[in-house]
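The structure appears right after this line, and notes come after that.
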Amino acid sequence: MAHWLFKSEPATWSWTQMVAAGAKGTFWNGVRNHLAKKQMMAMQKGDRGFFYHSNEERAIVGIVEVIKTYYPDHTDESGKFGMVDVKAVKPLKAVSLAQIKNEPKLADMVLVNNSRLSVQPVTDAEWRIILAMAGEKA
DNA sequence: GCCAACGTTGGC
DNA sequence: GCCAACGTTGGC
């Protein structure tokens with residue numbers, strides 16, 4: 001199973017709203033970047049990802065699960081982009097960007113090197129390390 | 001609030 | 001098809 005990282009500004013779409021969306025989840029729209037699109041197209045139902053708050057908070061705050069694979073985003077007038085549906089799985093003890101940058105094993109994470117990408121792949125090793133940092137058992 | 005990095009746009 | 005200019009994002 002592949003792992004991902006979904007990035008959102010808390011002011012636009014926060015973890016609290018993600019949790020409030022419940023088991024039916026929500027669509028992850030608004031992506032207008034081809035690299036991010038590529039990641040979403042590779043997602044499978046049941047894949048899990050970190051939910052990251054950018055800007056003010058800069059921390060991973062929860063885990064989400066893909067519940068619907070890639071489909072067209074009807075709000076995109078160009079018709080080039082699509083979206084997936086995700087639901088909140090569980091909150092995590094926040095792992096901050098500073099903590100991630102302080103961990104040498106995570107030096108190659110996309111979040112560290114290309115922080116502007118809104119949907120990112122996470123390797124299995126990175127997934128386990130961050131779960132451990134959040135005090136979770138992998 | 002500033003600035004660096006990246007993506008996109010548009011002129012040629 | 002190249003590249004400069006511009007806009008946006010996000011860390012600090």
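In this text the structure is predicted, and so the values were computed from the model without any measurement. Every chain is numbered from 1 and lettered A, B, ... according to where its sequence line falls, protein lines coming before strand lines.
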*asked:* Who clusters with A:L117? Use side-chain heavy atoms, under 4.5 angstrom, across I, L, V, M, F, W and Y, and order the result by chain and number.
replied: A:L35, A:V110

*Which pairs with one or both residues in residues 35-64 of chain A pass salt bridge (Lys or Arg N to Asp or Glu O under 4.0 Å), sequence neighbours excluded?*
A:R48-A:E65

Contacts under 3.5 Å, N or O only, protein and nucleotides 1-3 of chain B:
none

*asked:* What is the separation between atom CD1 on A:I100 and atom P on C:dG11, rounded to the nearest whole Å?
replied: 10 Å

*Tell me, which of residues 102-118 of chain A have any heavy atom that sits under 4.0 Å from an atom in DNA chain B?*
A:N114, A:R116

*asked:* Tell me every residue that passes side-chain hydrogen bond (donor to acceptor under 3.5 Å, both in side chains) with A:E103, counting only those two or more places apart in sequence or in another chain.
replied: none

_The criterion is salt bridge (Lys or Arg N to Asp or Glu O under 4.0 Å); which residues satisfy it with A:K80, sequence neighbours excluded?_
none

*To the nearest angstrom, how far is A:W13 atom CH2 from C:dT9 atom C1'?*
21 Å

*Counting only non-hydrogen atoms, which of residues 31-38 of chain A are less than 4.0 Å from DNA chain B?*
A:R32, A:N33, A:H34

*Write down the distance between CG (A:N55) and P (C:dC12), rounded to a whole number of angstrom.*
11 Å

*Applying side-chain hydrogen bond (donor to acceptor under 3.5 Å, both in side chains), which residue pairs with at least one partner in residues 108-123 of chain A are found, sequence neighbours left out?*
A:T123-A:E126

_Between B:dC6 (P) and A:K7 (NZ): distance, integer Å_ = 12 Å

*List in chain and number order the residues that pass side chain to side chain contact (heavy atoms under 4.5 Å, CB included) with A:N29, two or more places apart in sequence or in another chain; answer none if no residue qualifies.*
A:F27, A:D73, A:T75, A:M83

_Measure CD/A:E57 against P/C:dG11 and give the value in whole Å, please._
12 Å

*Would you please name every residue forming a side chain to side chain contact (heavy atoms under 4.5 Å, CB included) with A:K101, sequence neighbours left out?*
A:L97, A:V112

*Just jot down the side-chain hydrogen bond (donor to acceptor under 3.5 Å, both in side chains) partners of A:D124, sequence neighbours excluded, or say none.*
A:H3

_With a 4.5 Å cut-off on side-chain heavy atoms, are A:F81 and A:H34 touching?_
yes

*Taking side chain as C-beta onward, heavy atoms only, is A:E136 less than 4.5 Å from A:I63?*
no

*asked:* If I take atom CG in residue A:L97 and atom C1' in nucleotide C:dG11, what distance separates them, rounded to the nearest angstrom?
replied: 8 Å

*Could you list who else is in A:W4's hydrophobic cluster, with ILVMFWY side chains joined at under 4.5 Å, directly or through other members?*
A:F6, A:W13, A:W15, A:M18, A:V19, A:W28, A:V31, A:M40, A:M41, A:M43, A:F51, A:V61, A:V64, A:V66, A:Y70, A:V84, A:V86, A:V119

*Report yes if at least one side-chain N or O of A:K101 is closer than 4.0 Å to OP1 or OP2 of C:dC12; otherwise report no.*
yes

